[in-house]
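Residue numbers count from 1 along this sequence.
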Amino acid sequence: MIHDVIVVGGGPSGATAAEDLARAGARVALLDRAGRIKPCGGAIPPRLIQDFHIPDSQIVARINTARMISPTGRAVDIAIENGYVGMVDREHFDAFLRDRAVAAGARLLTGTFTAIERDAAGTHVIYRDKASGDAMRVTARLVIGADGARSGVARAEVPGGDRIPYVIAYHEIIAAPPATAAYDPTRCDVIYDGRISPDFYGWVFPHGPQASVGMGTGLDGVDLKQATADLRAASGLADCRTIRREGAPIPLKPLDKWDNGRDVVLAGDAAGVVAPSSGEGIYYAMVGGRVAATAALACLASGRAADLALARRLFMKEHRTVFRVLRSMQDAYYRSDERRERFVSLCHDPDVQRLTFEAYMNKRLVKARPMAHIRIGFKNLAHLLRLIPAAAT
């Protein structure tokens with residue numbers, strides 16, 4: 001059987017691409033490695049829930065407050081107005097998305113990608129079958145590489161795919177404790193402290209009966225497990241039962257090119273679409289899967305390989321500015337504890353809180369309050385130039 005598209009990788013990006021393709025009538029195979037759960041805080045904004053029709057059954061917690069904690073332990077609580085942030089457990093959420101793709105008509109293959117080969121018969125994805133261990137070959141007109149930050153498809157097929165920058169994320173899923181002043185099942189805690197992460201942040205995210213506690217870093221030599229143990233101790237969670245431990249690279253810069261100009265296009269982490277500063281990835285992964293499917297369908301209809309470049313153009317048209325702003329924020333404030341202290345101070349500002357969460361919830365920068373943007377700009381500059389104390393609000 002010759003498929004129209006083979007999607008390599010069954011996470012949110014790959015599953016979304018496979019479902020969209022199948023619903024459009026394409027013959028699609030979805031190759032998933034199986035048995036792997038990506039470390040992830042699990043936050044999804046309302047726009048994702050709406051755009052991708054996520055049912056309530058997948059929402060394990062509803063968050064109405066975000067707490068930013070500075071290196072000195074100062075906490076700033078930001079209320080989430082007019083809605084909530086949903087939390088999902090990737091163990092079940094990813095499986096739900098794959099099952100939905102299969103229900104739409106995608107063919108699910110279970111195994112590990114090894115190579116892409118080409119001959120007169122077409123483009124072939126070679127993979128190691130999980131059940132038998134045998135090398136298998138499946139043929140298609142196009143391939144979507146959605147196989148993560150260290151994508152084998154990207155490394156083999158797309159310029160720059162072997163040089164994507166990333167942080168390493170590590171978390172522990174624990175049994176959630178009873179609600180206390182220190183742990184609130186409706187609040188996400190984000191910890192900006194160099195003792196936990198010297199260049200990124202730590203987190204405590206509720207997942208209903210469970211919680212995700214972890215951190216990320218792009219620096220060598222950091223003991224991720226010890227940092228997470230320290231975070232658990234500082235958060236009063238050291239005695240909670242550990243359910244599982246997970247670690248993985250998280251890319252923080254989109255690749256300059258997402259396709260090979262022939263028959264391959266990338267999506268999700270493989271294309272580097274995780275938001276700087278926040279590390280948010282699920283929404284952008286699913287959008288990446290959707291635009292990859294759109295580009296693949298355009299290429300199949302036209303026969304023009306150049307249409308594969310549509311994926312990156314569509315994504316960047318909507319999200320380039322947000323990514324630039326977040327990258328500037330990370331570069332400015334994550335470099336030292338003194339800067340992180342100032343960042344938390346800035347988060348205390350009502351204008352910052354309102355505009356930040358409107359942008360997060362709706363996935364676009366808010367332009368309706370020009371004076372608020374001007375005030376934020378002055379306060380940001382004052383902190384970066386040290387014209388006001390680090391703990392000033």
Side-chain angles (χ1 to χ4, degrees), residues 39-41 43 45 66-71 74 76 78 85 149 163-171 188-203 205 214-222 224 227 231 248-256 268-269 271-285 288 315-316 318-349 351-353 355-360 363-366 373 376-377 379-386 390:
C40 178
R67 171 168 289 182
M68 310 298 181
I69 302 174
S70 77
R74 190 162 55 100
V76 174
I78 303 176
V85 174
R163 299 187 301 275
I164 188 167
Y166 56 81
V167 301
I168 297 295
Y170 172 82
H171 79 160
C188 282
D189 292 355
V190 184
I191 299 90
Y192 297 98
D193 186 340
R195 293 167 296 184
I196 301 301
S197 172
D199 61 324
F200 207 55
Y201 63 81
W203 67 82
F205 286 179
M215 51 79 67
T217 181
L219 301 181
D220 294 333
V222 177
L224 283 74
L231 175 55
I250 308 295
L252 291 180
K253 185 178 186 298
L255 289 174
D256 293 333
D269 282 11
V273 292
V274 175
S277 180
S278 68
E280 181 192 0
I282 300 176
Y283 172 76
Y284 295 110
F315 185 95
M316 288 301 177
E318 184 167 2
H319 301 293
R320 176 184 284 111
T321 301
V322 171
F323 272 51
R324 284 178 176 171
V325 169
L326 292 175
R327 168 54 62 186
S328 297
M329 183 185 301
Q330 180 173 336
D331 290 345
Y333 285 109
Y334 285 19
R335 62 178 61 180
S336 70
D337 273 355
E338 190 266 347
R339 288 288 184 94
R340 282 185 276 267
E341 194 74 41
R342 291 181 179 277
F343 177 68
V344 173
S345 291
L346 197 61
C347 290
H348 196 281
D349 184 271
D351 288 327
V352 172
Q353 294 182 13
L355 294 181
T356 296
F357 271 94
E358 285 182 3
Y360 172 79
K363 290 297 168 236
R364 59 177 60 93
L365 293 178
V366 180
H373 283 283
I376 291 170
K379 291 169 185 175
N380 182 57
L381 187 62
H383 272 292
L384 293 177
L385 295 178
R386 295 184 173 86

Can you name the nearest heavy-atom pair linking [X] to [Y], along with the distance?
X	Y	answer
Asp269	Pro251	O-CG, 3.5 Å
Thr217	Leu219	OG1-N, 3.1 Å
Pro71	Glu341	CD-OE1, 3.3 Å
Ile196	Met215	O-CE, 3.2 Å

* Between Ser345 and Arg74, is a side-chain contact (heavy atoms from CB on, under 4.5 Å) present by the stated rule, with each step listed? -> CA-CA 9 Å; Ser345 291; Arg74 190 162 55 100; 2.5 Å; yes
* Asked: Is the centre of the Tyr284 ring less than 6.0 Å from the centre of the Phe323 ring?
  -> yes
Interatomic spacing from [atom1] in [X] to [atom2] in [Y] - rounded to 0.5 Å:
X	Y	atom1	atom2	result
Arg324	Met316	CZ	CE	9.0 Å
Arg340	Ile69	CZ	CD1	14.0 Å
Leu231	Asp193	CG	CG	9.0 Å
Leu224	Ile168	CG	CD1	7.5 Å
Cys40	His171	SG	NE2	7.5 Å
Arg163	Lys253	CZ	NZ	10.5 Å

For a 4.5 angstrom cut-off between non-hydrogen side-chain atoms, does [X] reach [Y]?
X	Y	result
Leu252	Arg327	yes
Arg320	Pro254	no
Cys188	Val85	no
Glu280	Leu326	no
Val222	Ser197	no
Asp337	Tyr192	no

* Answer with yes or no whether the side chains of Ser277 and Tyr334 bring together a donor and an acceptor at under 3.5 Å. => yes
* To do: Can you label the angle between the Trp203 ring and the Phe205 ring as parallel, tilted or perpendicular, going by 30° and 60°?
  => tilted
* Give me the ring orientation class for Phe343 and Tyr333: parallel if the planes are under 30° apart, tilted from 30 to 60°, perpendicular past 60°. => tilted
* To do: Check whether any side-chain N or O of Arg339 sits under 3.5 Å from a backbone N or O of Asp331 as a donor-acceptor pair, and report yes or no.
  => no
